[in-house]
A.B. asks: 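Please see the structure below; I have some questions.
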Protein chains: 2
Amino acid sequence: MASVSDVIEKFFKELLEQNQGKTIQIQRNEVAKYFDCSPSQINYVLMTRFSVQHGYYIESQRGGGGHIKITMLKSENNKPAYHLLMNEIGDEITKTQAHRIINALKEQKYISEREALIMKAAMEDSALLSPLNNRDQLRAQLLKGMISVLFH
Amino acid sequence: MASVSDVIEKFFKELLEQNQGKTIQIQRNEVAKYFDCSPSQINYVLMTRFSVQHGYYIESQRGGGGHIKITMLKSENNKPAYHLLMNEIGDEITKTQAHRIINALKEQKYISEREALIMKAAMEDSALLSPLNNRDQLRAQLLKGMISVLFH
DNA sequence: TATAATTAAAGTCAAAGAAAGTCAATAAGT
DNA sequence: ACTTATTGACTTTCTTTGACTTTAATTATA
């Protein structure tokens, strides 16, 4: 039951793959027609799945011969920009936002599947639910959560 | 005397079985309709039977094309060791004790060096320093801590 | 040739639609 | 009595659509 947006996302990523993850150029209206959706949905997909945070860069031009260019920001050794990440996280973050960041790191092959799982385990509400104001209790919850994902 | 919740639990577990215990993706409303129950009952089943402690991991998405993904955390299980560990950790644990456990896991090659680093980062007092009553702040501290160790 | 009009794109934004999440009240088992 | 299930009203999040705007290239006109 993948949404149309999911399908379009996959389509772009496959095109990029075929192109050695460099850059692809598309025509918004063509793609929209191909997937039988409104053109603005293409923008939606770009916004929600191809932002700089996701490791992509978008350029475009309007008017005759207009197009959209998607570039994959692939630094050598897949190292994302540390300070950008720290900035993005900021002083507080929800579980969903945290997942997005972790997934992006995984997709950019900076962390493994297992590493992602460990980190997600520490982001769980249940892991952070310390009844008393006790750091040692919190630590226990966290450690158990992280170990659980590895052992099961 | 199997309750509807029990039946749904079984249903999910059979689906997972068929899928080699990897992961299944369902639509909450579909399942609810199939079992003729309220959609929120699906959440109840997930909460009470598919938590991380039970060896499962849940992710979901709302909106169009929304779904719930149930992942079975692989069971190459050394269950006794797991339970011993959980016991050893107990309800609270100091940073030093936590390090000892993590180091032991590393020695026994259950986790990699990097994985150990990530887990230790989450055990730091500084990561747990933020007001414990604000989960989002705590989460941000933790995530930043865990990512930081990967960059050094 | 310089400007105006036309056409061909892409961008924006808000409303409607489609899921899933939450929580508290009730019901059913033990 | 106490714990576990069930339900439903309400909330939040994500997707889809379409009307309207902006920009660029091309064509027509003075």
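Here is how names work: the chains are called A, B, and so on, in the same order as the sequence lines, proteins then strands, and each is numbered from 1.
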A.B. asks: For Arg62(A), give me all partners under side-chain contact (heavy atoms from CB on, under 4.5 Å), at least two apart in sequence or on another chain.
C.D. replies: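 Testing Arg62(A) for side-chain contact (heavy atoms from CB on, under 4.5 Å), a comparison that skips the adjacent residues, returns none.
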
A.B. asks: Go through the structure and list residues passing ring pair (Phe, Tyr, Trp, His ring centres under 6.0 Å) with Phe12(B), not counting sequence neighbours.
C.D. replies: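 Checked Phe12(B) against ring pair (Phe, Tyr, Trp, His ring centres under 6.0 Å); matches are Phe50(B).
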
A.B. asks: Heavy atom of residues 28-35 of chain A under 4.0 Å from DNA chain D: which residues?
C.D. replies: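 Here the set is empty: none.
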
A.B. asks: Please name all residues satisfying salt bridge (charged side-chain N to carboxylate O under 4.0 Å, His left out) with Glu59(B), sequence neighbours left out, ordered by chain then number.
C.D. replies: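 For Glu59(B), the residues satisfying salt bridge (charged side-chain N to carboxylate O under 4.0 Å, His left out) (neighbours in sequence not counted) are Lys120(A), Lys69(B).
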
A.B. asks: Of all residues at least two apart in sequence or in a different chain, which pass the side-chain contact (heavy atoms from CB on, under 4.5 Å) check with Ala98(B)?
C.D. replies: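 Residues passing side-chain contact (heavy atoms from CB on, under 4.5 Å) with Ala98(B): Arg139(A), Leu143(A), Ile93(B), Met123(B).
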
A.B. asks: Under the rule for side-chain contact (heavy atoms from CB on, under 4.5 Å), what residues qualify as partners of Thr48(B), not counting sequence neighbours?
C.D. replies: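 Scan of Thr48(B) (side-chain contact (heavy atoms from CB on, under 4.5 Å), adjacent residues dropped) gives Tyr44(B).
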
A.B. asks: In whole Å, I'd like the distance from the CE atom of Met47(B) to the P atom of dA24(C).
C.D. replies: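 To the nearest whole Å, that distance equals 12 Å.
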
A.B. asks: Round to the nearest Å and state the distance from Ile68(B) atom CD1 to dA19(C) atom C1'.
C.D. replies: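 For the pair Ile68(B) CD1 and dA19(C) C1', the rounded distance is 10 Å.
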
A.B. asks: What residues, two or more places apart in sequence or in another chain, satisfy side-chain hydrogen bond (donor to acceptor under 3.5 Å, both in side chains) together with Gln27(A)?
C.D. replies: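 Expected list: none.
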
A.B. asks: How would nucleotides 9-18 of chain D be written as a contact map, 5' to 3', with B for base contact, S for sugar-phosphate-only contact and - for no contact, using protein heavy atoms under 4.0 Å?
C.D. replies: ---BBBBBBB

A.B. asks: Once you round it to whole Å, what is the distance between P of dA5(D) and CG of Asn43(B)?
C.D. replies: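 Interatomic distance, CG of Asn43(B) to P of dA5(D): 15 Å.
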
A.B. asks: Give Ile42(B) one of three labels, base, sugar-phosphate or nothing, depending on what nucleic acid heavy atoms sit under 4.0 Å from its own.
C.D. replies: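 Here Ile42(B) touches no strand at all.
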
A.B. asks: Take atom CZ of Phe50(A) and atom C1' of dA10(C), then tell me their distance rounded to the nearest Å.
C.D. replies: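 Between C1' of dA10(C) and CZ of Phe50(A): 18 Å.
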
A.B. asks: Could I get the full list of ring pair (Phe, Tyr, Trp, His ring centres under 6.0 Å) partners for Phe35(A), not counting sequence neighbours?
C.D. replies: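 So Phe35(A) forms a ring pair (Phe, Tyr, Trp, His ring centres under 6.0 Å) with Phe11(A).
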
A.B. asks: Rounded to the nearest Å, what distance is computed from the NZ atom of residue Lys69(B) to the P atom of nucleotide dA20(C)?
C.D. replies: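 Result: 15 Å.
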
A.B. asks: Return the minimal non-hydrogen interatomic distance between Cys37(B) and Ile8(B), and the atom names on each side.
C.D. replies: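 The pair with the smallest heavy-atom distance is SG-CD1, 4.0 Å.
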
A.B. asks: How close or far is atom P of dA5(D) from atom NZ of Lys10(B), stated in whole angstroms?
C.D. replies: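 Checked: the NZ to P distance equals 15 Å.
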
